[in-house]
Asker: 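The structure follows.
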Amino acid sequence: MEFLELKDFLDYKVEQYNKPNFITNDPICIPHRFSKKQDVEIAAFFAAILAWGQRKTIINKCTELFERMDNAPHDFMLQHSDDELKGLLGFKHRTFNDTDLLYFVSFFKFHYEQSDSLETAFLAPKPIFREEYLEEQPLKGKKGYASAACMLSELEKTPPTERALNHFRSYFFSLPDFPRRTIKHVSSPMQKSTCKRLNMFLRWMVRKDNKGVDFGLWNTLKPSDLICPCDVHVDRVARKLGMISRKQTDWQTAVELTRTLSEFDPLDPVKYDFALFGLGVEEKF
């Protein structure tokens with residue numbers, strides 16, 4: 001298809017799938033059951049992390065999980081007793097088991113005792129100005145102080161979402177008792193993963209529109225910063241439409257796809273996830 005023809009086609013598919021009736025059969029229905037911000041964040045995070053396999057199974061397992069927390073996940077994270085923790089034992093979805101779950105609970109307790117939003121977990125520290133590296137230098141005829149070293153971190157051109165995901169993984173596993181087996185459940189661009197689940201979670205939290213699907217609760221990352229979740233369906237459809245040239249499927253593939261989608265809408269490229277996913281799953285494109 002030519003550029004404008006493809007854009008019109010994808011825009012039409014976005015309108016078709018980015019609407020409330022999409023929610024019912026998608027894991028995003030899980031956080032939509034909650035209204036408290038922190039409950040939405042926690043429910044969305046688990047729904048994204050557990051999002052592999054049949055969507056019906058994912059929804060059922062998330063429903064089971066939050067029933068074990070009396071459908072009050074934020075209160076559970078902060079106030080659970082040892083006996084209530086025992087109520088999580090035996091939970092399992094694919095390779096995610098109760099060992100992983102108990103560490104996730106430990107992390108959420110640690111984080112929410114310090115912050116009222118999960119958004120801060122994705123915010124990398126700002127660069128530090130290193131005064132000890134200042135040197136006296138002539139600046140436009142006057143003496144001044146500058147240094148090539150004092151703000152080296154400012155030279156880093158890592159895109160915002162990549163930086164956020166790398167920071168989050170490091171922070172998530174910063175507690176001293178994390179199980180080695182749990183590492184596989186939280187990916188980052190540093191592992192060259194597509195980070196499909198976390199990119200999907202960020203889409204839910206960051207994208208803002210009036211369609212009633214994505215939540216748009218967070219404001220630091222912008223919709224234009226997001227990277228398209230690149231699962232097998234999106235990857236297949238995007239390749240058929242000529243949007244991906246990279247042979248393997250990894251982080252750079254997701255970046256390449258997002259760059260292509262930015263040509264259609266630079267302010268909100270990831271809205272086309274609705275189109276590509278819908279074409280792949282619902283229409284077997």
Asker: So, Ser117 versus Glu41: side-chain donor-acceptor pair below 3.5 Å or not?
Answerer: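 Result is yes, a qualifying pair exists.
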Asker: Mind running side-chain hydrogen bond (donor to acceptor under 3.5 Å, both in side chains) on Arg239 and Thr253 for me, showing each step along the way?
Answerer: CA-CA 10 Å; Arg239 290 182 188 278; Thr253 309; 4.6 Å; no
Asker: Is the closest side-chain donor-acceptor distance between Thr63 and Arg33 under 3.5 Å?
Answerer: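 There is such a pair (donor and acceptor under 3.5 Å, judged by atom type) between the side chains of Thr63 and Arg33.
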Asker: Does Arg203 count as lying over the ring of Phe274, i.e. NZ or CZ under 6.0 Å from the six-ring centre, within 45 degrees of the axis?
Answerer: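 So Arg203 does make the cation-pi contact.
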Asker: Nearest 0.5 Å, please: how far is CG in Leu257 from CD in Gln252?
Answerer: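 Reported value, rounded in 0.5 Å steps: 12.5 Å.
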Asker: Taking 4.0 angstrom as the limit, do Lys271 and Asp268 come out as a salt bridge?
Answerer: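 The answer is no: the pair does not qualify as a salt bridge.
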Asker: Hydrophobic clustering (ILVMFWY, side-chain heavy atoms < 4.5 Å, transitive) - are Val281 and Tyr272 grouped together?
Answerer: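 Linked within one cluster.
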Asker: Taking the side chain as every heavy atom from C-beta outward, state whether His74 and Ile42 have any atom pair closer than 4.5 Å.
Answerer: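 SC-SC contact between His74 and Ile42 confirmed.
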Asker: What pair of heavy atoms forms the shortest contact from Ala44 to Met205, and how long is it?
Answerer: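 Minimum heavy-atom contact is CB-CE, 3.7 Å.
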Asker: Is Val213 linked to Leu267 within one hydrophobic cluster, defined over Ile, Leu, Val, Met, Phe, Trp and Tyr using a side-chain heavy-atom separation of less than 4.5 Å?
Answerer: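 Different hydrophobic clusters.
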Asker: Would you check if Thr161 and Asn199 make a side-chain contact, meaning some heavy-atom pair closer than 4.5 Å?
Answerer: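 Contact flag for Thr161/Asn199 side chains = yes.
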Asker: Hey, does the side chain of Arg68 reach the backbone of Gly87 with a donor-acceptor pair shorter than 3.5 angstrom?
Answerer: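 Checking the backbone N and O of Gly87 against the side chain of Arg68, a donor-acceptor pair under 3.5 Å is found.
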Asker: Could you tell me whether Lys13 and Asp11 make a salt bridge, using a distance below 4.0 angstrom between a side-chain N and a carboxylate O?
Answerer: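 No, no charged N to carboxylate O under 4.0 Å.
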Asker: Only one of Phe173, Tyr112, Phe46, Tyr171 forms a ring pair (Phe, Tyr, Trp, His ring centres under 6.0 Å) with Phe107, so which one is it?
Answerer: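 Of the listed residues Phe173, Tyr112, Phe46, Tyr171, the ring pair (Phe, Tyr, Trp, His ring centres under 6.0 Å) partner of Phe107 is Tyr171.
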Asker: Would Asp100 and His185 count as having a side-chain donor-acceptor pair, cut-off 3.5 Å?
Answerer: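 A donor-acceptor contact under 3.5 Å links the two side chains.
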Asker: Would you mind reporting whether Val105 and Leu88 have side-chain heavy atoms less than 4.5 Å apart?
Answerer: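 Leu88 vs Val105: side chains touch.
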Asker: Which ring-ring contact (aromatic ring centres under 6.0 Å, His included) pairs, counting each pair once, include a residue from residues 235-254, with sequence neighbours left out?
Answerer: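 Checked against ring-ring contact (aromatic ring centres under 6.0 Å, His included) - neighbours excluded - no pair reaches residues 235-254.
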Asker: Give the intermediate values and the outcome of side-chain contact (heavy atoms from CB on, under 4.5 Å) for residues Asp26 and Arg55.
Answerer: CA-CA 6 Å; Asp26 189 84; Arg55 286 188 290 170; 3.6 Å; yes
Asker: How about Lys36 and Asp75: do any of their side-chain heavy atoms sit closer than 4.5 Å?
Answerer: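 A side-chain contact under 4.5 Å exists here.
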Asker: For His80, enumerate each residue passing the ring-ring contact (aromatic ring centres under 6.0 Å, His included) test, keeping only those at least two apart in sequence or located in another chain.
Answerer: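 ring-ring contact (aromatic ring centres under 6.0 Å, His included) list for His80, sorted by chain: Phe76.
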Asker: If only side-chain N and O atoms count, and only distance matters, is there a donor-acceptor pair under 3.5 Å linking Arg169 with Ser174?
Answerer: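 Not at all, the side chains of Ser174 and Arg169 share no donor-acceptor pair under 3.5 Å.
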Asker: Ring centroid separation for Phe264 and Phe3, is it under 6.0 angstrom?
Answerer: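 Yes, the ring of Phe264 comes within the 6.0 Å limit of the ring of Phe3, centre to centre.
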Asker: If only side-chain N and O atoms count, and only distance matters, is there a donor-acceptor pair under 3.5 Å linking Asn60 with Thr57?
Answerer: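 Per modelled atom types, Thr57 and Asn60 side chains form no pair under 3.5 Å.
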Asker: To the nearest 0.5 Å, what is the distance between OG1 on Thr182 and CG on Leu101?
Answerer: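 If we round to the nearest 0.5 Å, Thr182:OG1 and Leu101:CG are 9.5 Å apart.
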Asker: One pair to check against side-chain contact (heavy atoms from CB on, under 4.5 Å): Val234 and Asp231. What are the steps and the verdict?
Answerer: CA-CA 5 Å; Val234 169; Asp231 69 358; 3.3 Å; yes
Asker: Enter the distance from Met69:CE to Glu84:CD here, rounded to the nearest 0.5 Å.
Answerer: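 That separation rounds to 11.0 Å.
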Asker: Is there a donor in the side chain of Ser188 and an acceptor in the side chain of Gln191, or the other way round, less than 3.5 Å apart?
Answerer: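 Yes, a side-chain donor-acceptor pair sits under 3.5 Å.
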Asker: If you take all heavy atoms of Met243 and Leu10, which pair is closest and at what distance?
Answerer: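 What the structure gives for the nearest pair is CE-CD1, 3.0 Å.
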Asker: Checking side chain to side chain contact (heavy atoms under 4.5 Å, CB included) against Thr194, which of Val255, Asp235, Thr249 comes through?
Answerer: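 Exactly one pass, corresponding to Thr249.
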Asker: Counting only heavy atoms from other residues, nucleotides and ligands, does the tally under 6.0 Å from OH of Tyr12 exceed 12?
Answerer: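 No, because the 6.0 Å sphere around OH of Tyr12 holds 12 heavy atoms or fewer from other groups.
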Asker: Is the positively charged end of Lys61 above the ring of Phe91, judged by distance under 6.0 angstrom from the centroid and angle within 45° of the axis?
Answerer: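 Yes; both conditions hold, so Lys61 lies above the ring face of Phe91.
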Asker: Consider only side-chain N and O atoms of Asn219 and Lys208, and report whether a donor and an acceptor are under 3.5 Å apart.
Answerer: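 Result is yes, a qualifying pair exists.
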Asker: Going hydrophobic residue to hydrophobic residue with side-chain gaps under 4.5 angstrom, can you get from Leu165 over to Leu123?
Answerer: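 No, no single cluster joins them.
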Asker: Do the rings of Trp218 and Phe122 sit parallel, tilted or perpendicular, given the 30° and 60° boundaries?
Answerer: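 Rings of Trp218 and Phe122: tilted, as their planes differ by 30° to 60°.
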Asker: Verify side-chain contact (heavy atoms from CB on, under 4.5 Å) between Asn18 and Asp209, making sure each step is shown before the conclusion.
Answerer: CA-CA 10 Å; Asn18 183 16; Asp209 59 24; 2.9 Å; yes
Asker: I'd like to know whether Leu261 forms a side-chain contact (heavy atoms from CB on, under 4.5 Å) with Cys228, so could you lay out the CA-CA distance, the side-chain angles of the two residues, the decisive distance to 0.1 Å, and finally the verdict.
Answerer: CA-CA 9 Å; Leu261 297 175; Cys228 188; 3.9 Å; yes
Asker: Can you confirm if the aromatic rings of Phe201 and Phe215 lie within a centre distance of less than 6.0 Å?
Answerer: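 No, the ring of Phe215 stays outside the 6.0 Å limit from the ring of Phe201, centre to centre.
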Asker: Would you say the side chain of Ile23 lies within less than 4.5 Å of the side chain of Cys29, judging by non-hydrogen atoms?
Answerer: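 Yes, side chains in contact.
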Asker: Assigning hydrophobic clusters by single linkage (Ile, Leu, Val, Met, Phe, Trp, Tyr; side-chain heavy-atom cutoff under 4.5 Å), is Leu279 placed with Val232?
Answerer: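 In one cluster with Leu279: Val232, no.
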Asker: Can you list everything that forms a salt bridge (charged side-chain N to carboxylate O under 4.0 Å, His left out) with Asp8? Sequence neighbours excluded, please.
Answerer: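 If we apply the salt bridge (charged side-chain N to carboxylate O under 4.0 Å, His left out) test to Asp8, skipping adjacent residues, there are no hits.
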Asker: Examine Phe172 together with Tyr103 and report whether their ring centres are nearer than 6.0 Å.
Answerer: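 Here the rings of Tyr103 and Phe172 have centres that are less than 6.0 Å from each other.
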Asker: Return the CE to CD1 distance between Met200 and Ile49, rounded to the nearest 0.5 Å.
Answerer: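 Interatomic distance, Met200 CE to Ile49 CD1, rounded to 0.5 Å: 8.5 Å.
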Asker: What distance separates Asn97 CG from Leu102 CG, expressed to the nearest 0.5 Å?
Answerer: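 These two atoms lie 9.0 Å from each other.
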Asker: Measure across Pro229 and Asp273 and return the closest heavy-atom pair with its distance rounded to 0.1 Å.
Answerer: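 Shortest heavy-atom separation between Pro229 and Asp273 comes out as CG-OD2, 3.6 Å.
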Asker: Are the aromatic rings of Phe45 and Phe108 close, with centres under 6.0 Å apart?
Answerer: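 Phe45 vs Phe108: aromatic centres under 6.0 Å.
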Asker: Do Glu263 and Lys7 sit within salt-bridge range, that is, some charged N less than 4.0 Å from a carboxylate O?
Answerer: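 Lys7 and Glu263: not salt-bridged.
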Asker: Should we count CD of Gln54 as having more than 12 external heavy atoms under 6.0 Å?
Answerer: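 No, not enclosed.
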Asker: Please give me the minimum heavy-atom distance between Ile30 and Ile59, naming the atom from each residue.
Answerer: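 Nearest heavy atoms, Ile30 then Ile59: CD1-O, 3.8 Å.
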Asker: Which distance, rounded to the nearest 0.5 Å, do you find between the CD of Glu162 and the NE2 of His167?
Answerer: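 The NE2 atom of His167 is 14.5 Å from CD of Glu162, to the nearest 0.5 Å.
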Asker: May I ask you to check whether Thr120 and His111 show a side-chain donor-acceptor distance below 3.5 Å?
Answerer: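 Yes, His111 and Thr120 have a side-chain donor paired with an acceptor closer than 3.5 Å.
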Asker: Looking only at heavy atoms, what is the nearest atom pair of Pro31 and Ala47, with distance?
Answerer: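 Looks like CD-CB, 4.3 Å.
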Asker: With side chains defined as the heavy atoms from C-beta onward, is the minimum distance between Lys211 and Lys19 less than 4.5 Å?
Answerer: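 With C-beta onward as the side chain, the pair stays apart.
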Asker: Give the minimum heavy-atom separation between Arg181 and Lys184, together with the two atoms involved.
Answerer: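 Nearest heavy atoms, Arg181 then Lys184: O-NZ, 2.8 Å.
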Asker: Quick one: which of Phe178, Phe110, Phe96 gives a ring pair (Phe, Tyr, Trp, His ring centres under 6.0 Å) with Phe104?
Answerer: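 Among the candidates, only Phe96 passes.
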